[in-house]
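To start, the structure under review is shown below, and the notes come after it.
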There are 2 protein chains.
Amino acid sequence: MKLYNYFRSSASFRVRIALQLKGLAYEYIPVHIAKGEHRQPGYAAISPELLVPTLEIDGQRLGQSMAIIEYLDETHPEPALLPKDALGRARVRALAQTVACEIHPLNNLRVLKYLVRDMGVSDDAKNKWYQHWVRTGLEAFERELALLPASTYCYGQTPTLADCCLVPQIFNGQRFKVSFDGLPRTMAAFDACMALDAFQKAQPSACPDNEP
Amino acid sequence: MKLYNYFRSSASFRVRIALQLKGLAYEYIPVHIAKGEHRQPGYAAISPELLVPTLEIDGQRLGQSMAIIEYLDETHPEPALLPKDALGRARVRALAQTVACEIHPLNNLRVLKYLVRDMGVSDDAKNKWYQHWVRTGLEAFERELALLPASTYCYGQTPTLADCCLVPQIFNGQRFKVSFDGLPRTMAAFDACMALDAFQKAQPSACPDNEP
């Protein structure tokens with residue numbers, strides 16, 4: 001199994017967490033996004049989307065982090081990253097999508113670059129944009145959690161797809177100095193995750209291509 | 001069953017398609033996004049994310065369109081909106097997420113409003129932004145399709161979650177006069193969908209809150 005990824009990519013980080021939680025060994029293949037390696041012909045032959053991560057598994061190449069994680073969960077069921085009941089799965093998927101569809105797409109590298117290079121907005125305006133969408137999204141995430149029963153992680157007593165998405169988003173927010181005040185359930189789930197070996201081993205600073 | 005939605009919301013449209021494909025009747029409850037009704041206390045009590053759609057079903061309120069459609073597929077399995085095999089599901093989910101995580105979040109109403117109102121970018125720059133992300137995303141979508149076996153819809157001979165996401169994105173692109181040149185598989189899937197009653201009945205112009 002090979003994972004094409006980048007230490008700082010949140011979407012790559014999500015998949016690294018899932019692989020660690022399931023105890024699956026993989027070959028780490030770095031793709032240097034900041035240097036544009038994902039747009040070179042070599043990687044274009046691997047990823048039609050020109051995005052990381054790509055997981056090479058069972059003779060196939062898979063893209064899109066949430067789809068990859070669901071595939072891993074279906075083909076390697078233990079420990080489960082989604083609840084057994086349909087309602088639980090809907091809750092976990094909705095939490096994951098609050099990060100992956102409402103927050104992350106607005107603050108990934110290519111979007112921030114477009115704002116500055118193509119639109120000519122100032123660094124200050126770019127940072128405000130970043131903080132606006134991360135805060136707005138995490139406040140929504142917190143309100144979703146507040147409607148759910150008490151739990152150690154985002155949903156229930158074991159990490160799920162929702163935690164795989166939340167943790168990289170918090171790391172990302174930390175880099176841009178977002179305030180996490182007033183997000184008690186969210187940050188408790190984050191802390192619970194970071195107490196686990198799997199999350200520690202998946203984090204950017206543990207990656208072979210890490211740049212301090 | 002109640003669906004809180006807005007005729008022009010792509011995410012609402014996705015769920016309307018799924019409900020029509022499965023032949024499930026529902027009460028249509030309009031939330032006027034352009035007038036900000038989703039941020040009023042009444043709707044805030046219904047949707048912690050302050051987003052449409054919300055599906056009220058089985059005594060629960062569900063958010064996030066892809067999570068809702070997977071819930072419907074699990075609780076009302078026929079006709080299936082996801083393939084039976086894990087690899088097929090990964091392909092369909094990845095296609096859906098290419099729209100829902102890479103394209104739509106960058107061009108929904110709140111983001112376009114932020115660009116103009118909070119960032120002060122011109123209408124022209126806003127339209128370029130819109131067209132840039134829709135084209136970039138649809139070209140990636142087309143390359144994903146090109147790697148798959150020939151099919152009537154996005155994946156295989158019946159509509160899936162991927163088609164539920166693609167069709168509203170094309171409608172959205174049409175409003176902003178995006179060029180769909182050079183996207184043969186994508187547009188063939190779109191045309192095949194629009195030949196079906198379910199997609200016709202779900203479209204914005206068929207909604208009770210439609211504004212021509």
Side-chain angles (χ1 to χ4, degrees), chain A residues 11 44 47-51 55 58 60-68 70-75 85-87 89-98 100-106 108 110-111 114-115 118-121 125-126 128-129 132-133 136-137 139-147, chain B residues 11 44 47-51 55 58 60-68 70-75 85-87 89-98 100-106 108 110-111 114-115 118-121 125-126 128-129 132-133 136-137 139-147:
Chain A
S47 163
E49 290 200 81
L50 314 181
L51 296 174
L55 184 68
D58 303 334
Q60 302 288 337
R61 288 176 180 141
L62 307 181
Q64 285 295 336
S65 59
M66 291 188 297
I68 293 172
E70 294 236 20
Y71 179 85
L72 289 171
D73 206 45
E74 293 177 359
T75 53
D85 61 306
L87 179 63
R89 280 195 294 279
R91 296 290 182 221
V92 167
R93 287 180 179 132
L95 286 166
Q97 290 166 25
T98 295
C101 302
E102 310 297 339
I103 307 177
H104 178 65
L106 296 164
N108 66 22
R110 62 182 184 153
V111 170
Y114 186 97
L115 288 174
D118 296 79
M119 246 176 190
V121 314
K126 179 197 77 176
K128 269 192 192 142
W129 157 282
H132 173 78
W133 296 115
T136 302
E139 286 167 11
F141 193 92
E142 180 73 19
R143 289 193 299 269
E144 280 180 84
L145 290 183
L147 294 176
Chain B
S47 162
E49 290 201 82
L50 314 181
L51 296 173
L55 184 67
D58 304 334
Q60 301 289 337
R61 288 177 180 141
L62 307 181
Q64 285 295 334
S65 59
M66 291 190 297
I68 292 172
E70 294 237 18
Y71 178 85
L72 289 171
D73 207 44
E74 293 178 358
T75 53
D85 61 306
L87 179 62
R89 280 194 294 279
R91 295 290 182 222
V92 167
R93 287 180 179 133
L95 287 166
Q97 290 165 25
T98 294
C101 303
E102 310 296 340
I103 307 177
H104 179 65
L106 295 163
N108 66 22
R110 63 181 182 154
V111 170
Y114 186 97
L115 287 173
D118 297 80
M119 247 177 187
V121 314
K126 179 198 78 176
K128 269 191 193 141
W129 157 282
H132 172 78
W133 296 115
T136 303
E139 286 167 11
F141 192 91
E142 180 73 18
R143 289 193 300 271
E144 280 180 84
L145 290 183
L147 295 175

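All of these numbers come straight from a predicted model, not from anything done at the bench. Every chain is numbered from 1 and lettered A, B, ... according to where its sequence line falls, protein lines coming before strand lines.
For chain A, the nearby part of B:L147 is the side chain; its heavy atoms alone come within less than 4.5 Å. Residue A:L51 touches chain B through its side chain alone, counting heavy-atom pairs closer than 4.5 Å. In this structure, the portion of B:T75 lying under 4.5 Å from any heavy atom of chain A is its side chain and not its backbone. Contact of B:R91 with chain A is made through the side chain alone, with heavy-atom distances under 4.5 Å. For chain A, no part of B:S47 is nearby; none of its heavy atoms comes within less than 4.5 Å. Interface residue A:V111: backbone and side-chain heavy atoms are both found under 4.5 Å from chain B. In this structure, chain B has no heavy atom under 4.5 Å from any part of A:H104. With a 4.5 angstrom heavy-atom cutoff, B:E74 touches chain A only via side-chain atoms.
Each of B:K128, B:E102, B:E142, B:E139 has some count of heavy-atom pairs under 4.5 Å with chain A, and the biggest count is that of B:E102. Top candidate by heavy-atom pairs under 4.5 Å with chain A, chosen from B:A44, B:A86, B:S65, is B:A86. Considering only heavy-atom pairs separated by less than 4.5 Å from chain B, the leading option among A:A125, A:P105, A:G63, A:P48 is A:P48.
Interatomic distance, CG of A:N108 versus CG of B:L106, reported as 7.5 Å (0.5 Å rounding). Atom CE of A:M66 and atom CE of B:M66 lie 4.0 Å apart (nearest 0.5 Å). Within the model, atoms NE2 of B:H132 and CZ of A:R110 stand 7.5 Å from one another, a figure rounded to the nearest 0.5 Å. Here the OG1-CD distance, from B:T136 to A:E49, works out to 12.0 Å after rounding to the nearest 0.5 Å.
Shown here for A:W129 and B:L115, the closest heavy-atom pair between the two residues is CZ3-CD2, 3.7 Å. Closest approach of A:Q64 to B:C101, counting heavy atoms only: OE1-CB, 4.3 Å.
Checked by atom type and distance alone, the side chain of A:Q97 pairs as donor or acceptor with a backbone atom of B:A67 at under 3.5 Å.
Between B:R89 and A:E70 the shortest side-chain heavy-atom distance does not fall below 4.5 Å.
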